[in-house]
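Here's the structure, in structure tokens; my notes come after.
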2 protein chains.
Amino acid sequence: MSGRLTVIGLGPGSAEQVTPEASRAVAEAAFFYGYKPYVDRLDLGAHQTRIASDNREELARAKEALEKAAEGHSVAVVSGGDPGVFAMAAAVCEAIEAGPVEWRAIELGIVPGVTAMLAVAARAGAPLGHDFCAISLSDNLKPWDLIELRLLAAAGAGFVIALYNPISKARPWQLGRAFECLAAVLPGTTPVIFGRAAGRPDERIEVLPLALADPGKADMATCVIIGSPETRIIKRDGRSTLVYTPRSATGPSI
Amino acid sequence: MSGRLTVIGLGPGSAEQVTPEASRAVAEAAFFYGYKPYVDRLDLGAHQTRIASDNREELARAKEALEKAAEGHSVAVVSGGDPGVFAMAAAVCEAIEAGPVEWRAIELGIVPGVTAMLAVAARAGAPLGHDFCAISLSDNLKPWDLIELRLLAAAGAGFVIALYNPISKARPWQLGRAFECLAAVLPGTTPVIFGRAAGRPDERIEVLPLALADPGKADMATCVIIGSPETRIIKRDGRSTLVYTPRSATGPSI
């Protein structure tokens, strides 16, 4: 007997940004697996069970959830933001591919959500208004050289760059090194947005030129967006500065 | 007297994927500007007014909306998906920068939404599970050479690629040409996802290898996702094939 596993995106943090589809999926599941801060966000009933784990245990968590679903239960795996962007949907697929054939019979659903870069971009203006990319700065699962190659390829081709997992206690130098790499190919005036906890009460959005971008302004909950050479700034008296990338482009200016 | 302008993301199409924040913003506005199919989605009251326009009139629409807001009205501009991704938020910022200084005093809000690539990815598995980029294939506002340069840079560096605006009556050959470019640098087995109307009753998700990818499978409402060399396929008896990109990467294999 095989149950159901739903991977649910809870959005960037505000209850106002959780889709009705995600709320319904939460209401319908019995067991909830996830990184503790995400599982803690859930408003569950007495018949629903939380199984929280640490944030570097994605594959183990995915396997546990699949085992529970394979026993016939209705199981949810929750992610912040969108579960398909540097989050649990890929870990669940990895576990299914490597796992027993019964896991392929489980009814799998994935519920998308508003991912961090979209929430941060909305608070800053429209920095992702033209071609852009998303890069995880974590070198836990890929070599640092590959990250540098991607940063340089993206900046060189004129993409705006959203950085996920920019910094952590175990990875203190990577963001500073990324800024150095980018400063070698992008103008020092390129806007850099540090977006933390977008849409939540403790939200903090800061915009600095690349030449002055300080990695210390980021933490694990920050999404960093680095403009392209086409990205522009609009100053407004008494209102926050807008950062946007025009819909039109003439070519890579670098 | 200056009013308020809110740029609202309505998500990919299903009412279940509209955030509560977006629904509230719709309830609070009086005048609604947007491309007709998006404005038509709104469930409005008798005191609310729709002003629909064609899909190549973004800048004119943004200016009209700003003029209305500057008169003191509560105005909304609506986009499908997320308004910051190849949509109206950038057009509004362009209009503000070029427009009268009074427009900078307007209270501007941007409400993020689930953008098409996230909805399509969720239905296919986790193709965006690792570093990825989003490229608009429209050469109305940028030269085609720049699009090719970006496609090749992204594929060469191992990014998964989401293509927005892949094809239209006025742009019939660009998607086929993009597949040709990518086939020169990516394996013919690379999975290509054609995702149309994700989450809606007329949803159609198809997965083909790049060597067999047929541009005729896409229309204006399709988001096309092209895997990286690391992207994998999981076949499941009696269930849809899963496409995912693992969280780990060893390097660009091309």
Side-chain angles (χ1 to χ4, degrees), chain A residues 11 14 16-21 24 58 82 84-85 89-91 93-94 96-97 104-105 110-115 118-119 121-122 125-126 128-136 141-143 146 149-150 153-154 156-159 232 234 236-237 239 242 244-252, chain B residues 11 14 16-21 24 58 82 84-85 89-91 93-94 96-97 104-105 110-115 118-119 121-122 125-126 128-136 141-143 146 149-150 153-154 156-159 232 234 236-237 239 242 244-252:
Chain A
S14 156
E16 285 278 278
Q17 293 178 339
V18 180
T19 67
E21 184 183 32
R24 186 167 47 79
E58 287 92 354
D82 178 86
V85 176
C93 289
E94 287 171 42
I96 290 173
E97 187 175 23
R104 299 184 188 215
I110 297 169
V111 175
V114 174
T115 184
L118 302 184
L128 307 178
H130 205 56
D131 301 334
F132 64 92
C133 67
I135 299 176
S136 169
L141 293 169
K142 63 184 164 184
L146 177 58
L149 181 153
R150 289 183 178 169
F159 287 95
R232 302 183 60 78
I234 308 175
R236 299 184 298 168
D237 278 351
R239 297 208 177 273
L242 294 174
Y244 83 99
T245 308
R247 297 163 305 138
S248 56
T250 49
Chain B
S14 156
E16 284 277 277
Q17 293 178 339
V18 180
T19 66
E21 184 184 31
R24 187 168 46 80
E58 288 91 354
D82 179 86
V85 176
C93 288
E94 286 171 42
I96 290 173
E97 187 176 21
R104 299 184 187 215
I110 297 169
V111 176
V114 174
T115 184
L118 303 183
L128 307 178
H130 204 57
D131 302 332
F132 64 92
C133 67
I135 299 176
S136 168
L141 293 170
K142 63 184 164 185
L146 176 60
L149 181 154
R150 288 182 180 170
F159 287 96
R232 301 184 60 79
I234 307 176
R236 299 184 298 169
D237 278 351
R239 296 206 179 274
L242 294 174
Y244 83 99
T245 308
R247 298 162 305 139
S248 56
T250 50

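Sequence lines set the chain letters: A, B, ... in the order given, protein chains first and strands last, and positions in each chain run from 1.
For B/Arg232, the side chain to side chain donor-acceptor pair (under 3.5 Å) criterion is met by A/Glu97, not counting sequence neighbours.
Closest approach of A/Arg150 and B/Asp131 over heavy atoms only: NH1-OD2, 2.7 Å. Considering all non-hydrogen atoms of both residues, A/Ala90 and B/Thr245 come closest at CB-O, 3.6 Å. Across every non-hydrogen atom of B/Arg239 and A/Arg104, the tightest pair is CD-O, 3.8 Å. B/Phe159 and A/Ala154 make their closest contact through CZ-CB, 4.3 Å (heavy atoms, listed as atom of the first residue, atom of the second, distance). For the pair B/Thr19 and A/Thr19, the tightest heavy-atom approach, listed with the atom from each and the gap, is CG2-CG2, 4.3 Å. Nearest heavy atoms, B/Thr250 versus A/Pro143: O-CG, 3.5 Å.
Of the atoms belonging to A/Val18, it is backbone heavy atoms, and not side-chain ones, that fall under 4.5 Å from chain B. Only the side chain of A/Leu242 comes within contact range of chain B, judged by heavy atoms closer than 4.5 Å. Looking at B/Ala121, there are no atoms closer than 4.5 Å to chain A (heavy atoms on both sides), in backbone or side chain. With a 4.5 angstrom heavy-atom cutoff, B/Asp237 does not touch chain A via any of its atoms. Residue A/Phe132 touches chain B through both its backbone and its side chain, counting heavy-atom pairs closer than 4.5 Å.
A heavy-atom distance below 4.5 Å is found between the side chains of B/Leu118 and A/Leu118.
Top candidate by heavy-atom pairs under 4.5 Å with chain B, chosen from A/Ala105, A/Ala134, A/Ser248, is A/Ala134. With respect to chain B, the highest number of heavy-atom pairs below 4.5 Å among A/Arg236, A/Arg24, A/Glu94 belongs to A/Glu94. The candidate from A/Val85, A/Ile234, A/Thr115 with the greatest count of non-hydrogen atom pairs under 4.5 Å with chain B is A/Ile234. Top candidate by heavy-atom pairs under 4.5 Å with chain B, chosen from A/Leu128, A/Val111, A/Ile135, is A/Ile135. Each of A/Gly84, A/Cys93, A/Pro246, A/Gly129 has some count of heavy-atom pairs under 4.5 Å with chain B, and the biggest count is that of A/Cys93. Chosen from B/Ala126, B/Gly11, B/Pro112, the residue pairing most often with chain A at heavy-atom distances under 4.5 Å is B/Pro112. The candidate from A/Ser14, A/Ser136, A/Ala153, A/Ala122 with the greatest count of non-hydrogen atom pairs under 4.5 Å with chain B is A/Ala122.
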